[in-house]
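Notes for the one structure printed next.
Source: prediction; values computed, not measured. Just so you know, ligand 1 is whichever comes first in the structure, and atom 1 is the first atom listed for that ligand.
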Amino acid sequence: MLDSLKQQPADALLALIKLYDADSRTDKIDLGVGVFRTETGATPVFAAIKEAEKRLVQSQDSKAYLGPEGDMGFVRALIPHIFGADHPWGDRIDGMQAPGGTGALRLAFGLAMRAGLRRMIVGSPTWPNHTQMFGEMVIESVTFNHAGPDGAADMDALRAAVAGAETGDAILLHGCCHNPTGIDYTPAQWDEIARLLADKGLLPIIDLAYQGLGQGMDEDAYGLRAVLAAVPEALVCYSCDKNFGLYRDRVGAVYVLGKDAESTGRILTNGHNLARTNWSQPPDHGAAAARIVLEDADLTKMWLDELAAMRGRMRLMREMMAAADNRVGGMDLAPLATQNGLFSILSLDKDQILKLREDHGVYMAGSGRINVAGLTKGNIENFVSALAAVVG
Ligand code: LMR
């Protein structure tokens, strides 16, 4: 029976990690998978997390089960950072832990399906794993163009997609640091989106996987807060992979905005069922460490300062790329300075992307997506020269 299964290709993004590792060139450049890197190319554990882990090891006296909802201290300690210190929703908002952003999305999609989800509306391009999950979960999706030719969000396409939506549809939106384009909605555009979704009665599912890596913690949550202020119900999928550097520890959460506290609690019992039958309970360690950071004012400050430094480094790399604009024939690099987060898309074709890899040791996703955090003051010059060489 099992032998009837067909060979599957490796996940294209994750496969890049192995390809890069196998390359023996010392001047290779990794702009592939989305992890933050320092000026020396490292992805260190946050100092605030290291300290929290020490305290965790000393204080934890049991690893007995917590339940399908995970560490609710962690889930609730994040609420003021995501929704605002004085958020207006009270106990209409609550959540549960999930294994990373992917687990959070899987859970949110599962909740929407239980509630009768008809179709998922999503901008294109989107994170390839969104699309893979739709396929795996047999969710029909409808796409609209996310970016216009001017490098800004294509609002006309979004308006048309919302206008064409029907009862039972949901819309999946990237809260900030759009993956893969880096093109976020402006506050004015978010305000309009919030009105459109409310008028149409569409369920918003907001993927917030990069809070704090764009413009700032509050700034990156502007859209989410604007949408939640306008609609009766919403789901938020949160990841701590990047903003706590907890990637492999798989730390995430799903938040529900329900019509009232009773509804939110009831919706979450469905989430608990889904968790139980998928992973039973989420992994504890990373979430417990994040909770210790969030419960301690000094560690919280340390974490936010580290996050600000990461943001600053990525901003500098974006500005340096934009400044190289006139050196890469015909390619418009200026928008990189205004885009947000780890990613931007370069307009390169498959041959050029392959040439960059084979001839210059530059690794990027097949879509032309680069991770700007893979650039450093030491390698950016080589990258720009390699780009100029393949663009011709
Ligand atoms: C990415 O898009 O590179 C990251 O979100 C990592 C991943 O899991 O794909």
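Heavy atoms of L14 found under 4.0 angstrom from ligand 1: none, in either backbone or side chain.
Those atoms of ligand 1 that come under 4.0 Å of a heavy atom in V33, given as number and element, are 3 (O), 6 (C). Shown in contact with L13 at under 4.0 Å from a heavy atom are these atoms of ligand 1, numbered in order with element: 1 (C), 2 (O), 3 (O), 9 (O). Heavy-atom proximity to Y210, at under 4.0 Å, picks out these atoms of ligand 1: 4 (C), 5 (O).
Taking every heavy atom of both residues into account, A194 and V227 meet most closely at CB-CA, 3.8 Å. Considering every non-hydrogen atom in both A170 and L202, the closest pair reads N-CD2, 4.0 Å.
At least one N or O atom of G34, backbone or side chain, sits closer than 3.5 Å to an N or O atom of ligand 1.
Summary of contacts: the protein heavy atom closest to atom 6 (C) of ligand 1 is K242 NZ, 3.6 Å. Of the protein's non-hydrogen atoms, the one nearest atom 8 (O) of ligand 1 is W127 CZ2, 3.5 Å.
Using modelled atom types, one side-chain atom of R313 and one backbone atom of A373 make a donor-acceptor pair closer than 3.5 Å. Remark: the backbone N or O of Q132 is not paired with any side-chain donor or acceptor of N129 at under 3.5 angstrom.
Looking at heavy atoms from C-beta onward, D241 lies out of side-chain contact with V251 at the 4.5 angstrom threshold.
N243 and Y238 are linked by a side-chain donor-acceptor pair at a separation below 3.5 angstrom, with hydrogens and angles left out of the test.
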